[in-house]
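Values below: every heavy atom of this structure, side chains too, minus hydrogens, waters and symmetry copies. In the text below, chain A, chain B and the rest are named by the order of the sequence lines, each starting its count at 1.
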Protein chains: 2
Amino acid sequence: MPTEDAVPRRAGRPARLSKEAIVAAAAAIVEADGVEQLSMRRLAKDLSSTPMALYHHVEDKDELLLLLLEAHARGFPRPELPTEPRQRLLAAARTLHDVLADCPWIVEVLASDDLVAPSALWIVEDILDAAVRCGLTPEEAVHAYRVIWYYTAGELLVHFTRSRRRAEAGTPTHRDRAFAALDPTAYPRLTSMSGRWVALTTEDSHRRGLAAIITGLLSTDTTR
Amino acid sequence: MPTEDAVPRRAGRPARLSKEAIVAAAAAIVEADGVEQLSMRRLAKDLSSTPMALYHHVEDKDELLLLLLEAHARGFPRPELPTEPRQRLLAAARTLHDVLADCPWIVEVLASDDLVAPSALWIVEDILDAAVRCGLTPEEAVHAYRVIWYYTAGELLVHFTRSRRRAEAGTPTHRDRAFAALDPTAYPRLTSMSGRWVALTTEDSHRRGLAAIITGLLSTDTTR
DNA sequence: ACCTGAACACCGTTCAAGT
DNA sequence: ACCTGAACACCGTTCAAGT
């Protein structure tokens, strides 16, 4: 849907650049070479333009990242949710994760602003709605959303950071070295579990965590 | 505990710089002006040295950040934990948060490597230990730690990112603008709760979330 | 209105040289 | 061994000028 040329301009050349074209080019860079490679300069080059031309269409790099999320969320269909309240909450929370799970650049968005792209807000809405249907008060529902969001954001942060690091270096990470030098008498639990540690951070493990969290959030005696 | 000058060197001048001095100067910058201001160049200037002199003592900036965490954790006393298992797990998880809650630079560490500073590993050890005392299998304990860690990391990420953004700009954030333009019929839950949204992300709300998560992790029927 | 070019004020890090 | 200086290869963004 190019807005460009849709209506003939009153004067001057037609715009060579457009928000859509910029976002599409940015997505292509991220897809091909990773977020690290996304810079205003590289983006301009790919568009055969200059860095400053971009600033005529987007306010700054933060807005560009948000537009990237925006475009991604728009392409993600809002799923049908189960009617049973707990299952509904679980499914809605899962969607939050799934929508973001293939956005390696989400880490940059998290570090720049909240998850407030208009086209992504239905995800929040669905979680709040499901939480209320579970019998939570509005306050409790907001709290529940927050807990779910922190868990999800943390998981994404750790996941993408690790895979980014792995991509760039073949050398063992700080973690590997630290674990190797561990004293078993001082850290009996850690050393005995260090084998199990790496064990794939599977999709399944994320879901199990979500299920546990929701059980806790819906349980009434949390105060003990 | 300056290692500098402790043993007279065999030859050459005494080192002007030391790891300790570098880390201390870095901590001072972060304390005074925030992480954004911490660069190898600024650090060198504060030490009346050159950027490249630093690389003789630390491998790169990532290691410097890890050393910062290292120094911070060393100054944090390992607390006595309750013996009742659930309370113990709760307290250990709380410690994880509390140790990091006054490290605004932790976001940079998270994005660069895992939380594996040797002097901070007792925090992980204590959580695993408490989880096992609660009756979890080693696998379950590792899983529980992970859920707690993701939740905590997410909370810290969001918290520090927000306060950083607030520090730099008086202008309303993307979030404010997005919420203001919200359509109540499309997002009934969101709009009706937008007032409650800002409601202080208190220390208390973090603890309530932790309690709920632990309830869920220790509950047996999470599969329903 | 839209775009360009040069410049500002930075980064982390490598390399070759000095003492 | 420890440090310096110059340089490399970048950043995001501002400003003044062009059409």
query: Is any side-chain N or O of B:His57 closer than 4.0 Å to OP1 or OP2 of D:dC3?
result: yes
field: Pairwise P distance for C:dA9 and D:dC10, with rounding to whole Å
entry: 22 Å
message: Please report the interatomic distance NZ(A:Lys19) to NE2(A:His56), rounded to the nearest 0.5 Å.
response: 13.0 Å
message: For a quick test of reading the model, state the closest non-hydrogen atom pair linking A:Ile148 to A:Ala93 and the distance between them.
response: CG2-CB, 3.8 Å
- prompt: From the list D:dG5, D:dT14, C:dC3, which nucleotide is the closest neighbour of the side chain of B:Met52?
  reply: D:dG5
- request: Would you mind pulling out the nucleotide paired to C:dC10, Watson-Crick or G-U wobble, both distances under 3.5 Å?
  value: none
query: Roughly how many Å is it from CG in A:Leu47 to C1' in C:dC2, rounded to a whole number?
result: 15 Å
- prompt: Which value, rounded to the nearest 0.5 Å, describes the distance between B:Ile22 atom CD1 and B:Asp46 atom CG?
  reply: 12.0 Å
- prompt: Under a 3.5 Å cut-off for both distances, is C:dA16 Watson-Crick or wobble paired, and to whom?
  reply: D:dT4
- request: Specify the separation, in whole Å, of atom CG of B:Leu43 and atom C1' of C:dT13.
  value: 15 Å
Listing, residues 23-32 of chain B side-chain donor-acceptor contacts under 3.5 Å, not counting sequence neighbours, or none:
none

message: Please tell me if B:Ser49 has a side-chain N or O lying less than 4.0 Å from either OP1 or OP2 of D:dT4.
response: yes
field: Worked verdict on A:Phe160 versus A:Ile106 for side chain to side chain contact (heavy atoms under 4.5 Å, CB included)
entry: CA-CA 9 Å; A:Phe160 285 124; A:Ile106 195 65; 3.8 Å; yes
field: C1' spacing across the pair C:dC8 / D:dC11, given as an integer number of angstrom
entry: 12 Å
- prompt: When you look at B:Leu100 and B:Leu69, which way does the side chain to side chain contact (heavy atoms under 4.5 Å, CB included) test go after all the steps?
  reply: CA-CA 9 Å; B:Leu100 303 175; B:Leu69 174 59; 3.8 Å; yes
- request: Taking all heavy atoms of B:Ala117 and all of B:Glu70, pick out the closest pair and write down the distance.
  value: CB-OE1, 3.1 Å
Report each atom pair, protein N/O against N/O of nucleotides 9-12 of chain C, whose distance is under 3.5 angstrom.
residue : atom : partner : partner atom : Å
C:dC11  : OP1  : B:Ser39 : OG           : 3.1
C:dC11  : N4   : B:Arg41 : NH2          : 3.2
C:dG12  : OP1  : B:Lys61 : NZ           : 3.0
C:dG12  : OP2  : B:Met40 : N            : 3.1
C:dG12  : N7   : B:Arg41 : NH1          : 2.3
C:dG12  : O6   : B:Arg41 : NH1          : 2.9
C:dG12  : O6   : B:Arg41 : NH2          : 3.3

- prompt: According to a strict under-4.0 Å criterion, is A:Arg16 in side-chain N/O contact with OP1 or OP2 of C:dT4?
  reply: yes
- line: To the nearest angstrom, the CD1-P distance between A:Ile22 and C:dC2 comes to 11 Å
